[in-house]
Amino acid sequence: MTTPGTRFGKKCILAVDDAAFILSRITDALEKRYDVVTVNSGARALRYLKKRKPNLILLDIRMPVRDGFEILSEIRAMEDRADIPIIMLTAVEDKQSIMKGIELGVRDYILKPFAPDDLLKRVQRVLEHRGSDRG
């Protein structure tokens with residue numbers, strides 16, 4: 001039997017980025033261990049979240065229409081989704097953006113371009129920490 005947020009017994013990662021090649025790299029890095037769902041906009045991420053609850057979200061900041069911080073704020077306002085751990089995966093590296101992410105409760109901040117093994121390790125660390133939170 002699978003637990004909420006899992007399909008096929010794997011934990012689910014929702015990756016949100018407007019660049020298809022980044023979504024492909026994320027999938028390549030994580031698909032052996034996780035069920036990776038990719039969407040190319042914040043609006044699609046919010047639609048997905050109305051139906052399903054992933055175990056973790058990877059979220060870009062710079063996206064057209066609504067940026068990652070706007071989407072993050074909306075996720076944090078969702079009653080049954082506010083507790084989902086979020087990792088910002090972005091090319092934005094200014095201190096103000098990093099601090100804003102921390103204020104909004106992101107669990108990690110990974111800069112692009114990322115190393116696939118680093119991404120996997122950081123995702124594992126956040127998910128393991130989440131499991132110990134429930135302990």
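Residues satisfying the side chain to side chain donor-acceptor pair (under 3.5 Å) criterion with Arg62, sequence neighbours excluded, are absent altogether. Scanning for side-chain contact (heavy atoms from CB on, under 4.5 Å) contacts around Ala77 gives an empty result, with sequence neighbours left out.
Between Asp80 and Lys53, at least one side-chain N (NZ, or NE/NH1/NH2) sits under 4.0 Å from a carboxylate O, which counts as a salt bridge. At a threshold of 4.0 Å, the pair Asp83-Arg76 does not count as salt-bridged, since none of the basic side-chain nitrogens sits closer than that to a carboxylate oxygen.
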Please walk me through it: do Asp18 and Ser41 pass side-chain contact (heavy atoms from CB on, under 4.5 Å)? CA-CA 6 Å; Asp18 60 309; Ser41 72; over 6 Å; no

With side-chain contact (heavy atoms from CB on, under 4.5 Å) as the test, would you mind laying out the steps for Leu14 and Leu56 before giving the verdict? CA-CA 6 Å; Leu14 175 63; Leu56 182 138; over 6 Å; no

Would you check, one step at a time, whether the test side-chain contact (heavy atoms from CB on, under 4.5 Å) holds for Lys112 with Ile22? CA-CA 9 Å; Lys112 296 177 191 172; Ile22 294 293; 4.0 Å; yes

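When all heavy atoms are compared, the tightest approach of Leu49 to Pro54 is CD2-CD, 3.4 Å. Arg25 and Pro113 make their closest contact through NH1-CB, 4.4 Å (heavy atoms, listed as atom of the first residue, atom of the second, distance). Tyr34 approaches Lys10 most closely through the heavy-atom pair C-CD, 3.7 Å. Ile71 approaches Ala43 most closely through the heavy-atom pair CD1-N, 4.4 Å. Nearest heavy-atom pair, Arg122 versus Tyr109, reported as atom, atom and distance to 0.1 Å: NH1-O, 3.3 Å. Shown here for Ser97 and Ile61, the closest heavy-atom pair between the two residues is CB-CD1, 4.5 Å.
In this structure, Lys11 and Leu127 have side chains that are in contact, with non-hydrogen atoms separated by less than 4.5 Å. Proximity of Ile86 to Arg107: side-chain heavy atoms (C-beta onward) are nowhere separated by under 4.5 Å. Glu128 places a side-chain heavy atom less than 4.5 Å from the side chain of Gln124.
Leu72 contributes atom CG, which lies 11.0 Å from atom CD1 of Ile84 (distance to the nearest 0.5 angstrom). Rounding to the nearest 0.5 Å places CD1 of Ile26 at 8.5 Å from CG of Asp60. Here Thr38 contributes atom OG1 and Arg44 contributes atom CZ; the two are 10.5 Å apart, rounded to the nearest 0.5 Å. Rounding to the nearest 0.5 angstrom, the gap separating the CD atom in Gln96 from the CD1 atom in Ile98 is 11.0 Å. Between Ser24 atom OG and Asp17 atom CG the span is 11.5 Å, to the nearest 0.5 Å. In this structure, Asp108 CG and Leu58 CG are separated by 10.0 Å, a value rounded to the nearest 0.5 Å.
A side chain to side chain contact (heavy atoms under 4.5 Å, CB included) with Ile57 is found for one member of Leu89, Ile75, Ile87, Ile13 and no other, namely Ile75. Results of the salt bridge (Lys or Arg N to Asp or Glu O under 4.0 Å) test with Glu74 over Lys50, Arg47, Arg66 single out Arg66 as the only residue that passes.
Val16 and Val65 fall into different hydrophobic clusters, where Ile, Leu, Val, Met, Phe, Trp and Tyr are joined by side-chain heavy atoms under 4.5 Å apart, directly or via other members.
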